[in-house]
Asks: 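Below you'll find the structure I mean.
Below, all heavy atoms of this structure are taken into account, side chains as well, without hydrogens, waters or symmetry copies.
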Amino acid sequence: MAESWAAMRTAPRRTVVAESLLCALTASFGLVPLLLVRPDRPALAVLEALWATLLVAARRDRPVAAVLGVSPLLVGHNIWTLAAVALVVLSATRRVAPTRRAWQVVGTACVAVAPLTVVQVIPRWEDLPVELAGNAVSVVLLLLLPALAGTLLGRRRLLVNLLRERNSYLEQARSLSASTARLAERNRIAGEMHDLLGHRLSLISVHAGALELAAARQAPPLSGQAELLRTTAGTAMEELREILGVLRHADLADESGSDRGTREDIAALVAESRRAGGVIELDWSVPDSAVVGGRTRQAIHRVVREGLTNVLKHASGAPTRVEVRSAGGGTEVSVTNGVPRTEGRSQGGTHSGLAGLQERISLLGGAFEAGAAPNGGFRVAAWLPSQEQQEEGVHAYAGTAVTPPTDALRPVSGATGQGGQGRQAGQGGSRSPLSDEILTWPRVLGAGCASVLVILPTVGYLMFLLLTASLR
């Protein structure tokens with residue numbers, strides 16, 4: 001009893017409420033009809049109703065005892081408790097393992113019905129054959145058939161648990177295999193980048209250093225450009241090392257300690273582009289007190305750098321405005337260039353830089369656009385959610401600043417040919433994985449339908465008995 005009480009206290013509230021309602025319904029079903037149809041032995045009938053209620057309550061924690069306890073109800077005088085017999089046997093045999101033990105318990109309960117029937121008819125020996133035949137039918141329909149249905153459902157539950165365990169194991173194995181394959185591929189890519197790009201960038205840096213020394217002696221006006229070439233090559237080497245570190249060590253590197261994306265960093269990018277011949281204006285209006293996460297700052301750096309690089313490649317000399325401001329609870333960053341002052345021809349591109357930006361912004365739950373500006377120039381813009389919004393899973397931005405117009409995402413040719421196809425982030429995504437219950441549907445149809453077919457005669461028999469008792 002103490003163990004049952006402890007189990008009830010630790011059970012979920014929903015289970016406790018359901019069990020309490022079931023016990024109350026069982027007691028009512030066994031007692032209320034006694035007020036309408038007075039039995040021959042009212043006290044015994046009341047005790048049988050209370051006993052059936054106790055068995056219903058004990059069927060989960062004491063399934064063996066519950067099955068053995070239904071024998072007195074099969075030979076009792078309260079016919080309304082027979083419905084509880086089928087329920088107790090069906091529910092209790094599901095929880096008895098192995099199946100052979102469950103049938104041993106059911107067999108014991110069946111055998112116990114015979115002596116109980118003999119004891120019941122001692123004053124009326126002439127009724128013994130009829131009582132034995134009637135109780136035998138009750139044993140088959142109210143004990144054996146529910147036990148068969150319960151054991152079928154019990155085997156199904158074991159199989160469901162096995163399928164869940166195997167599914168969990170296979171999911172973990174698949175995840176580990178994918179992670180291992182991804183890491184191997186990343187290491188291979190990192191090695192190729194180190195061997196090829198690293199070597200080329202080192203040569204560029206060496207030659208740029210030599211060019212800087214020669215320019216300082218022979219063409220001083222060009223020494224600044226040579227110095228810019230050398231420092232750019234050195235910066236490219238540092239960035240390559242960071243990328244290699246990300247590829248080799250983590251899927252998402254912890255970038256919170258980087259100083260990229262700060263006001264000083266963006267100002268340095270703008271100054272570097274100005275030295276390369278750009279006409280660029282910076283408008284930074286994010287308050288210094290605003291908390292901007294490391295990944296958001298990295299994204300700001302990437303957007304500005306990609307935008308300025310595209311301006312220098314496709315619209316050299318065009319007036320450009322870099323704007324970073326607070327908007328919609330997050331940060332909006334944009335790079336907008338006008339029409340270049342001198343005619344030039346853009347060599348086009350693969351748009352991989354813009355595609356990479358869109359992917360990075362979408363992973364952060366932001367919005368991204370890249371397309372032609374109304375003045376004939378080009379605009380790259382992104383809205384990035386705050387750290388709190390990222391944690392809450394914000395995947396859309398309701399503002400208008402970076403919502404792309406319907407015709408703003410067409411490829412653009414000519415001097416401002418930074419064509420590409422931007423997409424609004426946060427409007428798609430992968431579906432959540434299906435529950436592993438989908439794996440059990442074939443077994444549900446098998447064991448579940450078999451159990452229903454087995455229990456149908458029991459239901460018909462109970463309806464016949466209760467209808468007969470009601471018409472008395």
Side-chain angles (χ1 to χ4, degrees), residues 4 7 11-12 14-15 18-19 21-23 25-26 29 52-74 81-114 135-170 434-466:
S4 299
R14 181 179 179 181
T15 302
E19 290 297 312
L21 291 177
L22 184 59
C23 291
L25 182 62
T26 303
F29 195 73
T53 304
L54 182 61
L55 293 179
V56 170
R59 79 191 191 284
R60 296 172 62 92
D61 300 326
R62 297 287 186 273
V64 174
V67 173
L68 294 176
V70 300
S71 298
L73 297 179
L74 290 173
T81 61
L82 295 180
V85 172
L87 172 64
V88 169
V89 174
L90 176 64
S91 179
T93 50
R94 290 177 55 192
R95 296 172 170 83
V96 180
T99 305
R100 182 174 59 182
R101 182 166 179 258
W103 282 111
Q104 290 175 352
V105 175
V106 172
T108 304
C110 293
V111 172
V113 172
N135 289 340
V137 174
S138 297
V139 164
V140 173
L141 295 177
L142 300 180
L143 194 57
L144 293 179
L145 291 184
L148 178 58
T151 52
L152 287 174
L153 293 177
R155 294 178 61 184
R156 170 194 171 277
R157 187 171 68 168
L158 294 177
L159 182 59
V160 168
N161 293 336
L162 176 61
L163 286 174
R164 284 176 176 169
E165 293 177 1
R166 293 184 62 184
N167 184 57
S168 176
Y169 169 78
L170 292 175
L434 294 175
S435 170
D436 57 1
E437 276 294 323
I438 196 68
L439 297 176
T440 69
W441 274 113
R443 186 57 60 181
V444 168
L445 296 176
C449 291
S451 300
V452 171
L453 293 176
V454 168
I455 208 68
L456 281 179
T458 300
V459 175
Y461 181 64
L462 283 173
M463 294 178 63
F464 171 76
L465 291 178
L466 298 179

Asks: Where do Ala84 and Ala52 come nearest, in terms of heavy atoms and distance?
Replies: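 Smallest heavy-atom distance, with atoms named: CB-CB, 4.0 Å.
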
Asks: Taking atom CG of Leu68 and atom CZ of Arg62, what is their separation to the nearest 0.5 Å?
Replies: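 Reported to 0.5 Å precision, the distance equals 13.0 Å.
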
Asks: Output the distance between atom OG1 (Thr53) and atom CG (Leu25), rounded to the nearest 0.5 Å.
Replies: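 Spacing of OG1 (Thr53) from CG (Leu25) equals 9.5 Å.
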
Asks: How far apart are the closest heavy atoms of Gly150 and Thr93, and which atoms are they?
Replies: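 Taking Gly150 first and Thr93 second, the nearest heavy atoms are CA-OG1, 3.3 Å.
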
Asks: Rounded to the nearest 0.5 Å, how far does CG of Leu145 lie from CG of Leu90?
Replies: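 One finds 11.0 Å between CG of Leu90 and CG of Leu145.
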
Asks: Rounded at 0.5 Å granularity, tell me how far CG in Leu73 sits from CG in Leu55.
Replies: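 The CG atom of Leu55 is 6.0 Å from CG of Leu73, to the nearest 0.5 Å.
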
Asks: CG of Leu21 to OG1 of Thr26: how many Å apart, nearest 0.5 Å?
Replies: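 Reported value, rounded in 0.5 Å steps: 10.5 Å.
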
Asks: Is any side-chain heavy atom of Asn135 closer than 4.5 Å to one of Leu74?
Replies: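 Contact flag for Leu74/Asn135 side chains = no.
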
Asks: Would you check if the side chain of Ser91 reaches a backbone N or O of Leu87 as a donor-acceptor pair within less than 3.5 Å?
Replies: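 A pair under 3.5 Å: no.
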
Asks: Can you sort out the partners of Arg60 under side chain to side chain contact (heavy atoms under 4.5 Å, CB included), two or more places apart, ordered by chain and number?
Replies: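 Here the qualifying residues are Thr15, Glu19, Arg95.
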
Asks: Pairs under 3.5 angstrom only: tabulate donor-acceptor contacts from the side chains of residues 103-111 to other protein residues two or more places apart or in another chain.
Replies:
residue	atom	partner	partner atom	Å
Thr108	OG1	Gln104	O	2.9

Asks: Heavy-atom distance under 4.5 Å between the side chains of Val89 and Val70, does that happen here?
Replies: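 Yes, side chains in contact.
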
